[in-house]
Amino acid sequence: SAQGFTDDGLFVSTYDEGDSASELALVDPETGEARWSTSGVISSAVTEDAVYVVAGGDLRRLEPGSGDETWSVDLDL
């Protein structure tokens, strides 16, 4: 399902059947090619300047254009 759209592209989340975690990917809206992706995502939020994901017990802030992690916080889940 679509999670958001920024100048960088369309953010799409896909789930494996029977799995509570998903893969979040930035997709080029013109070609459909994935620019980057991250797996094991439990929850996500997309803003113009950041992507926030909960994965592996951490809250992580990712750069929207590259998927590079800028910080993470252990949620003690």
Side-chain angles (χ1 to χ4, degrees):
S1 64
Q3 298 297 306
F5 189 83
T6 68
D7 291 341
D8 296 301
L10 177 65
F11 289 88
V12 177
S13 182
T14 58
Y15 287 87
D16 287 332
E17 189 173 320
D19 197 355
S20 61
S22 71
E23 178 176 83
L24 181 68
L26 173 63
V27 176
D28 184 310
E30 293 186 20
T31 66
E33 294 291 320
R35 295 183 180 163
W36 62 262
S37 66
T38 187
S39 60
V41 175
I42 304 298
S43 181
S44 62
V46 176
T47 68
E48 187 61 38
D49 63 344
V51 176
Y52 299 93
V53 298
V54 174
D58 295 333
L59 171 61
R60 302 173 184 166
R61 183 189 187 276
L62 309 177
E63 289 295 324
S66 65
D68 292 338
E69 183 178 300
T70 56
W71 56 256
S72 68
V73 176
D74 185 355
L75 297 177
D76 293 323
L77 297 177

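Worth saying up front: this structure is predicted, and the values here are computed from it rather than measured.
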Legend entry - Set of side chain to side chain contact (heavy atoms under 4.5 Å, CB included) partners for Val46, sequence neighbours left out: Gln3, Thr6, Phe11, Val51

Inset, instruction - Report the residues that fulfil side chain to side chain contact (heavy atoms under 4.5 Å, CB included) with Ile42, sequence neighbours left out, ordered by chain and then residue number. - result: Ser20, Ala21, Val54

Inset, instruction - Just jot down the salt bridge (Lys or Arg N to Asp or Glu O under 4.0 Å) partners of Glu23, sequence neighbours excluded, or say none. - result: none

Legend entry - Glu30, CD: over 12 other non-hydrogen atoms inside 6.0 angstrom: no

Inset, instruction - Check side chain to side chain contact (heavy atoms under 4.5 Å, CB included) between Ser22 and all other residues, then give those that pass, not counting sequence neighbours. - result: Ser13, Tyr15, Val41

Legend entry - Single-linkage hydrophobic cluster Val53~Leu75, side-chain heavy atoms < 4.5 angstrom: no

Inset, instruction - Kindly state each residue pair satisfying salt bridge (charged side-chain N to carboxylate O under 4.0 Å, His left out) with at least one member in residues 68-77, sequence neighbours excluded. - result: Arg60-Glu69

Legend entry - Set of residues satisfying side chain to side chain contact (heavy atoms under 4.5 Å, CB included) with respect to Ala50, sequence neighbours excluded: Thr47, Tyr52, Arg61

Legend entry - Test item: Trp36 side-chain N/O and Pro64 main-chain N/O as donor-acceptor pair under 3.5 Å: yes

Legend entry - Over all atoms of both residues, closest heavy-atom pair of Ser39 and Ala55: O-CB, 4.4 Å

